[in-house]
Every structure is written in C-alpha cells, then in structure tokens.
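Worksheet: the structure to be examined is printed underneath.
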Amino acid sequence: MIDIQKDILKKYFGYDRFRKGQEEVINSILKGNDTIAIMPTGAGKSLCYQVPAMALEGITVVISPLISLMKDQVDSLNEMGIKSAYINSTLSSMEITEILFDAKDEEYKLIYVAPERLNSSEFLNFLDEADISLIAVDEAHCVSQWGHDFRPSYTRISQTIQKLDKRPIVCAFTATATNEVKNDIKNLLKLKNPNEYISGFDRENLTFSVIRGENTKKFISDFVENNKEQTGIIYTSTRKEAESIYELLIDKDYKAGIYHAGLADEQRTKMQEDFSYDNIDVIVATNAFGMGIDKSNVRYVIHNNMPKNMESYYQEAGRAGRDGEKSECILLFNPKDIQTQKFFIEETIYNIDRKEYEYKRLQDMIDYCHTSNCLRKYILEYFGEENIEDKCGNCSVCNDNEEKEDITVLAQKIISCVYRMKERYGSILIAQVLRGSKNQKLLNFGLDKLSTYAIVKEYTVKEIQEIINKLIADDYLVLSQGQYPVVKMNNKSIEVLKGNENVFMKINKKVKKISKTDNDLFDILKEFRKEISTRENIPPYIVFSDASLKEMSVYMPENEEEFLTIKGVGQSKLEKYGEIFIDKINEYRKNNNIGTRETKQEKENKKEKIKSHVITLNMYNENKTVEEIANERDIAETTVKEHLFRCAIEGMEVDLDELLPDEYERQIEEAVNRVGYNALKPIKENLPDEISYFHIKVFLHKVKG
Ligand code: ADP
Ligand code: MG
C-alpha cells in the first residue's frame with residue numbers, strides 16, 4: 001500500500017502534495033477507522049474522502065446537503081476520470097433506477113446523495129446489496145441542532161448504517177469547530193472510536209480586514225470598480241440590502257448577480273450558474289443563505305454587514321481563494337449590525353439557554369470587529385488553536401500603516417453637540433445641526449439656537465454622519481437600542497471632551513486593488529477555458545482552476561510530459577485537454593517570439609538542490625543582516641528568521657544571537673524558571689507582548705538543544 005495515496009493524488013487530481021492535515025485523515029480512513037475531520041472551508045475536505053474512495057474496493061457513498069454542490073463535485077470527478085454519479089430530486093425516477101442499476105455493477109466509485117434519500121426504500125435496498133466500503137458525511141454539522149444549518153434527515157444516517165449487513169467505514173467532515181457540534185457529530189452519527197483530526201484553521205492565502213463605520217455602498221462600488229473582472233461575493237444580512245447593492249452595481253453596468261431565499265428557484269439556479277460559468281463577476285447574497293458553491297477562483301468576499309457569529313463568518317469568508325491564490329476577506333462593520341443580529345436572535349424560537357449561547361457567540365463576533373490585535377490570531381484562537389504569533393503581517397490590523405489623522409477637535413465638537421442635544425437624536429439630525437442645515441424639523445425643534453449649530457463647515461452632512469458612525473464603531477459614542485436609535489455618550493466621550501483622550505482616525509480610506517495575474521497568456525488561456533466550458537457544459541473552474549492556468553502561463557509547457565507537471569493536471573485532463581492547451585501556448589510563444597522557458601521540473605529540481613532555508617543561511621553566513629536578506633529575497637523578515645531557526649533545528653551551525661536579543665533571553669529565562677518549559681503558552685503569558693513565540697522557541701532550542 002506504499003504511497004498509493006500519493007499516486008492517486010497525482011494521477012487523478014494532478015497535485016504533487018497533500019495540503020496540511022489531508023494525509024493523516026486519509027491514512028486513518030484507509031486503516032479502516034471511523035474518522036472525524038474538522039478543517040476550515042476551502043482547506044480541501046472533499047479530497048480526504050475522494051482519495052480513499054479510489055484506494056478502497058467497492059463504492060463510497062457521500063452524504064451531502066446541497067444539491068448544487070453534488071453536481072459540481074460529480075462533474076469535477078468525472079473530468080478527472082473518477083467515475084461518479086449523484087442521486088437527488090432533480091433526477092427522474094427512471095434515471096435514478098438506471099444509476100442504481102449501473103452502480104450495483106460497480107460502474108461508479110462515488111455516489112453522492114442528499115440525506116433525504118435515506119428515506120427511499122429503493123436506495124436502502126441498493127445499500128444492502130452493493131459493496132459499500134465507505135460512507136462520507138460531508139457538512140456533518142448538519143446533524144446537530146447547534147449547527148447553523150440543521151437538517152433533520154441527517155439524524156437518520158446512523159439508523160441506516162446500523163441496519164446494513166456489513167458496516168462500512170464512516171467518516172465525517174465539517175468546518176464547524178465548537179464542542180457542542182463535534183460531540184453531536186460523534187454521538188448522533190454513532191461513530192465507532194473515531195480518530196479525530198482538527199487541522200490548522202489558518203488559510204494563509206487570505207487577507208483579513210475589518211473596516212468600521214464606512215459608508216458601505218460607497219466602499220463596495222469603489223472596490224468593485226477597482227477590481228473589475230475579479231470574481232467576488234458580497235454578503236448582506238437582509239434581502240433588502242442585497243437588492244439595493246445589486247441595483248447599485250447593475251446601475252453602474254458591472255456584471256453582477258443576486259441570490260437570496262426570496263427569489264424563485266429558477267432565478268436562483270440561473271444566478272448560481274452565471275456565477276459558476278464566469279458570466280457574472282460579483283454576486284450579492286444574503287448570509288442567511290448557504291451558497292452551494294465550490295467555485296475555486298473567488299478572489300474576494302466582502303461582508304456588507306457583520307454576520308451572527310465567527311463560524312458563519314469564517315465559513316463565508318473561506319469561500320474566497322479555494323484555489324490557494326491570494327484573496328481578500330473584508331468585513332464592513334456598522335454599529336447597527338449588532339441590533340440586526342440581536343433582533344434575529346430574538347425572532348428565533350430558541351429557548352433561553354440557546355439564546356444565551358447565541359448572544360455569547362454574537363459577542364465574540366462583535367469583539368472581532370473591534371479588536372486592536374491581529375485578526376488572524378483572533379480567528380485561530382477562537383477556533384481553539386494555541387501558540388499563535390502576535391502578528392500575522394497579513395490582516396488589516398497588522399498592516400495598519402496608513403496614516404491616521406488626529407481628529408480630536410472634530411470629535412469634541414461632535415460629542416458636545418450630542419451633549420447639547422441632550423442625547424435624544426439620531427446621527428442625521430446631529431450631523432445637520434453641526435453643519436448648520438436649515439432643515440425644517442431642526443428649526444422647529446429650535447436646534448439652530450444651540451452653541452454647536454453650524455460649527456463644522458468643512459464636511460458635508462453625509463460625511464459628518466459617517467464620522468459619527470466611526471466614532472460609534474470605535475466606542476467614542478454609543479447607539480441606543482430600539483427602532484429609532486439615538487446617539488448617546490459614554491465614559492470615553494467624556495474623556496475626549498475633557499481633553500484626556502485623543503482620537504485618531506482614518507478619514508479617507510483607500511480602496512485596495514487585488515493584484516492580478518498580469519500576463520497576456522493567462523488571459524488568453526482564460527478565454528480559451530471559457531470556450532471549452534461552454535462547449536462541454538461544465539463551469540470553467542472545473543476545466544482548470546486559475547492556479548493551473550497561472551502555472552501554464554508561467555512555465556509554458558511544450559509537450560505532454562511538461563504539461564503533466566502543472567498543478568491540477570492529472571492523466572484524464574492531460575488526455576482531454578493537453579494537446580489543445582499546448583497548441584494554444586505554442587501559438588502564443590510563436591507570436592511573441594518566446595524561446596524555451598525553464599520548465600517547472602527544472603525549477604523544482606533546482607529548488608531541491610538548495611533548499612530555501614539553506615539559501616538564507618548561506619547569505620547570513622556572508623554577513624548579510626536579516627533585513628538585507630529579506631529585501632534581497634523578497635520575503636518577510638520573520639520568514640528569514642524562521643529559515644535560520646529551521647537550519648539550527650536541522651543541526652546546522654547558526655549563530656542565533658541576532659534572533660534572540662540578550663535582554664529577551666534574560667526575561668524568558670526568568671519566566672521559564674517560574675512556570676517551567678513544558679508548554680509555551682504560560683511562558684508567553686508571563687512575558688511582555690514584544691517577546692514572541694518565536695523568541696521562546698529559539699530560547700528553548702538554545703537551552704534544550
Ligand atoms: P472544503 O470542502 O474543505 O471547503 P474543497 O474540498 O472544496 O474544500 O477544496 C477546495 C479546493 O482545494 C478545491 O479546488 C481542491 O481542488 C483544492 N485542493 C484540495 N486539496 C488540494 C491539494 N492537495 N493541492 C492543491 N489543491 C487542493
Ligand atoms: Mg466541502
């Protein structure tokens with residue numbers, strides 16, 4: 001059985017290596033163990049049961065809640081030469097009978113079904129008669145009432161399995177990491193001594209940002225304008241907001257779509273297809289609705305509103321960058337979102353305990369929107385990871401290098417106006433008073449007599465209102481509850497008024513531009529992929545992912561052997577598309593007078609010869625500083641340090657002094673004396689923030705070897 005997994009990975013999926021966590025899960029299943037795997041959205045859970053399905057004799061049944069996903073996955077598998085089928089309500093009973101008939105003959109390696117299928121006696125008979133080696137329960141949190149999309153039919157799964165003559169291996173997958181859900185999965189699915197894997201929750205290619213108090217519509221339209229032709233999803237918490245953003249985008253002639261539970265089925269299917277087939281670039285959807293989509297080239301996910309909890313957020317945001325390419329996850333926070341979410345909780349029929357649980361999770365979400373620490377660290381700790389560096393260098397908090405302005409005086413004017421207006425009005429009226437508007441309502445109330453009337457002339461009413469929102473978002477003012485929220489003061493407002501606290505803020509936020517694969521050939525191949533997709537009636541990303549096209553456009557494979565080294569090219573895709581893509585590439589090469597390029601294999605061979613961390617060490621030994629090496633190699637300084645540390649661990653001679661200042665060493669030593677060195681966390685907690693886990697690890701290596 002040596003490395004049959006790796007062979008399957010290469011032959012069918014066209015990948016050279018497993019992602020974090022995949023191999024352990026696959027090995028566990030192949031050893032015949034029930035297995036539960038918790039991995040974040042986009043980490044690559046499907047492959048963890050698809051590879052075993054190919055390695056095991058017999059058939060794998062996949063239980064999956066979303067019909068649209070089934071079709072996607074089955075199309076995708078068949079493209080890779082893995083015979084599969086799905087059975088759900090979109091098929092006629094004739095078609096179903098036929099599939100089951102063929103399946104009994106082992107025509108298929110994988111069969112996807114919705115849990116409701118377990119109520120059908122025809123299907124149950126099939127399960128009994130066929131050789132079922134593995135049952136994979138995808139989106140297994142659906143079995144739990146604590147999960148966000150509970151599906152009663154999931155609770156029938158264990159009954160069904162118990163009734164089978166021969167019990168197959170059962171494995172379950174989810175991205176939801178709460179203990180309540182995990183225990184439900186184990187108990188309700190009646191897993192037998194399952195091996196449990198919780199893979200790292202980090203998605204390194206995603207950049208996380210929280211933007212507070214921004215005018216969301218303006219932000220979104222600027223963002224979409226700046227990132228035309230990039231694919232994105234915009235989530236809103238209500239249908240009304242989805243409609244209004246959709247209209248905004250359509251008015252500006254962007255290729256946009258909309259998706260929410262209020263649309264007719266056909267409309268939804270159409271939108272989803274348009275999105276899958278790259279006919280539209282951006283889709284606006286309510287987050288009440290799980291988007292049944294595995295589209296791998298989503299480059300950004302913007303949340304127009306704060307979602308109800310971190311699980312939902314991470315799942316939705318995680319739909320960006322499944323292909324592993326860099327992508328943006330942006331959350332636009334407005335204080336009124338808190339009220340919307342509280343309202344949703346109140347509307348539910350949950351009992352008091354459950355409501356309390358939901359309120360707590362909401363609070364964690366609110367805290368994420370306000371934290372002044374690294375967002376990635378917040379996320380990872382929320383999902384139960386430990387020993388996380390204080391700064392990831394890839395989130396809006398870590399990258400907060402845009403200049404903030406000192407707006408203390410302006411804030412004082414606003415706060416004193418709130419005070420003069422006796423904390424009884426909403427932000428519009430406050431802004432109008434400050435601006436000196438002649439609005440009738442304002443005049444009727446005699447608000448033009450206030451000393452704060454017309455004291456802010458340099459901003460429009462709308463702008464002042466936005467600044468008030470930002471002050472609220474940053475806790476310098478509060479918004480009352482209820483249908484007509486009014487702006488009130490808190491302790492912080494008073495400190496600002498007294499001049500004890502200064503307020504810094506970014507008034508004009510620059511909108512980010514996602515870097516594009518800037519290369520003609522990539523665009524040509526993308527166009528070509530679209531033609532094939534239309535002809536074959538499968539979404540473009542199933543033909544080839546963006547990551548595959550990117551590699552093709554860089555390495556320009558000249559023959560089949562080279563083509564096979566491209567990420568995502570397995571045997572079946574080589575046979576199907578190899579020749580036509582190589583022709584396209586050669587044509588481009590000829591037209592542009594490009595000679596032979598270094599192939600991927602050559603590049604990898606070179607890499608093999610001298611490993612990256614060793615290159616770093618060699619430079620370090622030439623007396624280059626960490627900073628110089630980082631600049632020269634275009635990598636982060638933290639990476640340079642990690643490299644050097646790795647060399648040390650691997651037994652190379654490294655002078656670790658630059659990595660660990662004497663002063664830190666002394667402090668860590670003291671902390672270790674106090675709490676011992678068995679766990680990193682207590683040591684870290686006993687030290688100032690600037691001493692990182694990395695420093696501690698270096699120290700421990702020095703003393704323990
Ligand atoms: P999840 O179900 O965990 O959200 P998926 O199974 O949909 O994630 O996988 C996300 C993407 O990652 C897919 O496009 C898949 O082809 C890709 N992928 C999975 N494993 C690997 C791997 N080992 N190397 C490269 N890409 C992978
Ligand atoms: Mg999945």
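Atoms within a ligand are numbered from 1 in the order they appear, just like the ligands themselves.
Remark: the Y555 side chain and the E562 side chain contain no N/O donor-acceptor pair separated by less than 3.5 Å.
Relative to the ring axis of F544, K573 places its NZ or CZ within 45° and under 6.0 Å from the centre. Both cation-pi conditions hold for K584 and F528: the charged atom is under 6.0 angstrom from the six-membered ring centre and inside a 45 degree cone around its axis.
By the salt bridge (Lys or Arg N to Asp or Glu O under 4.0 Å) test, E551 pairs with K600, sequence neighbours left out. Remark: D281 pairs with no residue by the side chain to side chain donor-acceptor pair (under 3.5 Å) rule, at least two apart or across chains. Looking at residues two or more places apart in sequence or on another chain, you find no side chain to side chain donor-acceptor pair (under 3.5 Å) involving K192.
For ligand 1, the 4.0 Å heavy-atom shell takes in Y15, R17, F18, R19, Q22, P40, T41, G42, A43, G44, K45, S46, L47, D294, S296, R322, ordered by chain and residue number.
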